4 protein chains.
Amino acid sequence: MTRAGAERQTVGPKAKRNAERSRRAILDAALVEFSEFGHAGARIDNVAERAGVSKPLIYSYFGDKEDLYTAALREAYVQIRAGERTLDLQSKDPEAAIRALVGFTLDHFRSAPWFISMLNTENLRGGSAIRRIEDVSEIQSPLIDELRKVLRRGEEEGVFRPDVDPIELYITIASLFYFPLSNRHTLSTVFGCAITDEWLEQRRVEAEEMVIRFLRPEPAGRR
Amino acid sequence: MTRAGAERQTVGPKAKRNAERSRRAILDAALVEFSEFGHAGARIDNVAERAGVSKPLIYSYFGDKEDLYTAALREAYVQIRAGERTLDLQSKDPEAAIRALVGFTLDHFRSAPWFISMLNTENLRGGSAIRRIEDVSEIQSPLIDELRKVLRRGEEEGVFRPDVDPIELYITIASLFYFPLSNRHTLSTVFGCAITDEWLEQRRVEAEEMVIRFLRPEPAGRR
Amino acid sequence: MTRAGAERQTVGPKAKRNAERSRRAILDAALVEFSEFGHAGARIDNVAERAGVSKPLIYSYFGDKEDLYTAALREAYVQIRAGERTLDLQSKDPEAAIRALVGFTLDHFRSAPWFISMLNTENLRGGSAIRRIEDVSEIQSPLIDELRKVLRRGEEEGVFRPDVDPIELYITIASLFYFPLSNRHTLSTVFGCAITDEWLEQRRVEAEEMVIRFLRPEPAGRR
Amino acid sequence: MTRAGAERQTVGPKAKRNAERSRRAILDAALVEFSEFGHAGARIDNVAERAGVSKPLIYSYFGDKEDLYTAALREAYVQIRAGERTLDLQSKDPEAAIRALVGFTLDHFRSAPWFISMLNTENLRGGSAIRRIEDVSEIQSPLIDELRKVLRRGEEEGVFRPDVDPIELYITIASLFYFPLSNRHTLSTVFGCAITDEWLEQRRVEAEEMVIRFLRPEPAGRR
DNA sequence: TATGAATGAGTATTCATTCAT
DNA sequence: AATGAATGAATACTCATTCAT
């Protein structure tokens, strides 16, 4: 293969690899930028700089700002779904499975802080972008079905009460960490309550306890 | 002199040139605009139009966009604190007091949706504005002390377990409604779970139950 | 005189005195503001604040910004002309008279720095305001005629050469101080030559010498 | 290849997208605009139009208005320094060298009228911009050292008196033309003394004479 | 005589987006 | 595949000026 030939082959493996690398860099940069400044606050200039590419390249790969934002939002979901898939709830006894989900939720919120920010941003905007995502299966959680099975097993074993909605349970678990993490700054200023790692570890224990207690069958004779 | 008559006198000829009225109109408009579009997305032009005043008036009353935003954020807190002050927790038995707080939290989040949006916006921005608010006492919650007393009474009556931190309890209650309300749009798209009034009423019941169960002393012999 | 009567008498001596005081305060403030920031840079707001009056009062007394500027410019001339009238050139021998004028020029430039600034500003603007001043006699210098007499006397006494134009002489004297004073800031930065009081005193001596040498008849045999 | 042809090639297809050309056009336009209207009076819109570029291009090349102004001020100095470097004082006898400098000063003030205007503007503003210019060597005059040598030579030849400060001499020469040129408009209105080309030619002669006389050693026996 | 309230018409500056190579 | 050069359309903010009392 001559040198000139290699240069000509614009769709060759090398070029493709570069293209893929650029795409990836842009997407990562966009995720950071949008989560840091929101949709209106994000700057295409910054994304280009962070990604180490020129602005026209962004436009040629992703379309306009709205499209780039949508891609970043989708990516945030793709990441959490990938994490969720590594959880193996069915191999654990029901209580342990719930505790594992609680723990994973906290861990992901902390290690991928852009996820919370992207949710905030998207909901501030009324969800206009998420509705436009086409490949919905990518963003839907595989956990709901898993959770349903866990709840059924727990019910059969007599450790969980019946009729718990897996979606609501999923929402409840997310809720317990979302608020303190999302509102770190206001909480620390208003209540002087810094959301430190220690605070969160303590919270993890209490959240597990809270969820488990809530799932337990009502002890006979109470209330 | 009728009440209506008294109001007329104030609204009468002075209506067009009334500093206090203008200030109020601007603040209300800013709260709506900022909560709807976030800090970067909000437009001073829109605020002026909504308030029915000219842009220069906004600048002369509040300073620049950042200052106006800070004033709107403060106002959001002032509103919720005013609501909290109307709760009379000490006149209720401990469990009823907790249920009242749970109910109030949901009601305020729904009736003043800009509160959640402002929190989202401010935390996206890293809390830079809230730290600049000077009269902190206006934004701090009077409920923490009230809650502490309630918890102590509940402990003395044997219905609550000891050592519950009032701030954490307050955060937990807020958490349970904040996530589903704040993430209405993504939840409905991703889980097909519309956060309707019915859903929220159901949630109110479950949240009360959850909090109460969490506060109950561990029944002897369990775990 | 009843109290009510006193209040009614809006054109009475008290009112007039206040009006006169306000006018004066505005004019002084305008002179400072315009000389400090130039025509475009000056702010009516600042003038009002400096003068301790409201903006509408300025408009009612002086008209618009242009008119106020013109009044301030005129005032700058009125002040220097008043100073010039106190010089009594004819009582001095010709050389002393010239030295007195040199000294006065430097002193006025220093004690009324707004004069130089107003000249700068007005000439930057192409002299549009000064041409509109109506009462020209107020701004014309009484010194030209005085100077002409001095030059004639000097010529008759044989200490000055003939045919010196008094206007050009006047310009020359002004020139020697105007440049270093007007360009204080650039000179000190570019040449590291601070225009201090000492520097100026030295300059006064040299300027006197320079002017006198220039006026002297050419010694026979030179050149 | 003819010279014209060479120029064509440069102006040809690249003419529309040529950073250096655009920069130059903006700088020239800024110099004209700022010198014509001062700092506060200058309009970025006008600069863009004069330069034939869009406003954003100005901002991307020069920063904000203040930065553009500073660049224009620097340019004014760069121009006069370039002119000064073409003077070859050492090849002339001392008197001729002084006359050459006097002539050059007048010529530059007339052919580059923005220089005087920029000095006026900058000094009105207190010299805040010139202090920020970093590459000071570009704005400092190479003439001071040249002048020192000339003065020494003149002293040795007995045509100049000793101990003349070159900076002060430089200032004096500038002074003699600066005032009448800078104050053209007020002088013509107040004294009816139009600063025409004839007036200036006459002034050139007198200024030369004045400076030379001032530099001459005091004839023995006078004063 | 005097002013607090209010605004129309700008003016500097920004930013998503496209052009030409 | 990639980018430096360039801009139209906003957007925050200002300021001379007037209104209503």
Side-chain angles (χ1 to χ4, degrees), chain A residues 7 9-12 14-23 40-48 53-61 63-66 68, chain B residues 13-14 16-23 40 42-48 53-61 63-66 68, chain C residues 7 9-12 14-19 21-23 40-48 53-61 63-66 68, chain D residues 13-14 16-23 40-48 53-61 63-66 68:
Chain A
E7 275 170 345
Q9 260 185 338
T10 34
V11 266
K14 227 186 207 162
K16 218 169 195 175
R17 223 176 302 135
N18 275 348
E20 190 46 46
R21 195 180 307 158
S22 293
R23 247 195 92 85
R43 299 289 166 250
I44 298 289
D45 260 309
N46 289 351
V47 175
V53 303
S54 68
K55 282 186 289 177
L57 201 67
I58 296 178
Y59 283 89
S60 87
Y61 280 175
D64 66 11
K65 187 185 188 183
E66 187 71 24
L68 180 60
Chain B
K14 286 181 182 176
K16 277 234 162 152
R17 304 247 159 176
N18 183 320
E20 193 44 50
R21 180 181 304 267
S22 296
R23 246 195 93 85
R43 300 288 168 249
I44 297 288
D45 264 319
N46 289 349
V47 175
V53 303
S54 65
K55 280 186 289 175
L57 201 67
I58 296 178
Y59 285 92
S60 93
Y61 281 173
D64 65 10
K65 188 183 185 182
E66 186 72 24
L68 180 60
Chain C
E7 275 170 345
Q9 261 185 335
T10 34
V11 266
K14 226 184 204 162
K16 219 170 195 174
R17 222 177 302 136
N18 275 346
R21 195 180 306 159
S22 294
R23 248 195 91 87
R43 300 289 166 249
I44 298 288
D45 260 309
N46 289 350
V47 175
V53 303
S54 67
K55 281 185 290 176
L57 200 68
I58 296 178
Y59 283 89
S60 86
Y61 280 174
D64 66 11
K65 187 184 187 183
E66 188 70 25
L68 180 60
Chain D
K14 285 181 183 175
K16 277 233 160 153
R17 303 245 160 179
N18 183 321
E20 193 44 49
R21 180 181 304 268
S22 296
R23 246 195 93 86
R43 299 289 168 248
I44 298 288
D45 266 316
N46 289 350
V47 175
V53 303
S54 65
K55 280 186 289 175
L57 201 68
I58 297 177
Y59 284 91
S60 92
Y61 281 173
D64 65 11
K65 189 184 184 181
E66 185 71 24
L68 180 60

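Source: prediction; values computed, not measured. Naming: A, B, ... by sequence-line order, numbering from 1 per chain.
- Here E:dT14 presents its P atom at 17 Å from CD1 of A:I44, a figure rounded to the nearest Å.
- Interatomic distance, A:K55 NZ to A:N46 CG, rounded to the nearest 0.5 Å: 10.0 Å.
- Of the candidates F:dG4, E:dA2, E:dT7, E:dA2 carries the atom nearest the C:S54 side chain, counting heavy atoms from C-beta on.
- Among the protein residues, B:A42 comes within range of the sugar-phosphate backbone only, with heavy atoms under 4.0 Å from sugar or phosphate atoms but none that close to a base.
- Mapping B:S60 and D:D45 onto DNA chain E by nearest heavy atom places B:S60 closer to the 5' end of the strand.
- Scanning all heavy atoms of the two residues, the minimum distance from D:S54 to D:A48 falls at C-CB, 4.1 Å.
- Atoms CG (A:D64) and P (F:dA9) sit 17 Å apart, rounded to a whole Å.
- Pair assignment for F:dT14 gives E:dA9, based on Watson-Crick or G-U wobble hydrogen-bonding distances that are each under 3.5 Å.
- Within the nucleic acid shown, A:L57 comes within 4.0 Å of at least one base atom, counting heavy atoms only.
- For B:K65, counting side-chain heavy atoms from C-beta on, the closest listed nucleotide (E:dA5, F:dA6, F:dA12) is F:dA12.
- Going from atom CG of D:L68 over to atom C1' of E:dA12 covers 12 Å, rounded to whole Å.
- The two residues D:S22 and D:Y61 come nearest to each other via the heavy atoms CB-CE1, 3.7 Å.
- Between D:G63 and B:Y61, it is B:Y61 whose nearest contact on DNA chain E lies nearer the 5' terminus.
- B:K65 approaches B:Y59 most closely through the heavy-atom pair N-CE2, 4.5 Å.
- Between the P atom of E:dG8 and the CD1 atom of B:I58 lies a distance of 13 Å, rounded to the nearest Å.
- OP1 and OP2 of E:dT7 both lie 4.0 Å or more from every side-chain N or O belonging to B:Y59.
- In this structure, F:dA1 forms no base pair with any nucleotide, since neither Watson-Crick nor G-U wobble geometry is met with both distances under 3.5 Å.
- Distance, A:N46 CG to E:dT14 P: 13 Å, rounded to whole Å.
- Residue C:E66 contributes atom CD, which lies 15 Å from atom C1' of F:dC15 at whole-angstrom precision.
- For the OP1/OP2 pair of E:dA6 and a distance below 4.0 Å, the side-chain nitrogens and oxygens of B:S22 include at least one atom meeting the criterion.
- Taking only side-chain atoms of C:K55, from C-beta outward, the nucleotide of F:dT17, F:dA12, E:dT13 with the closest atom is F:dT17.
- Between E:dT14 and A:R43, no contact under 4.0 Å exists linking OP1 or OP2 to a side-chain N or O.
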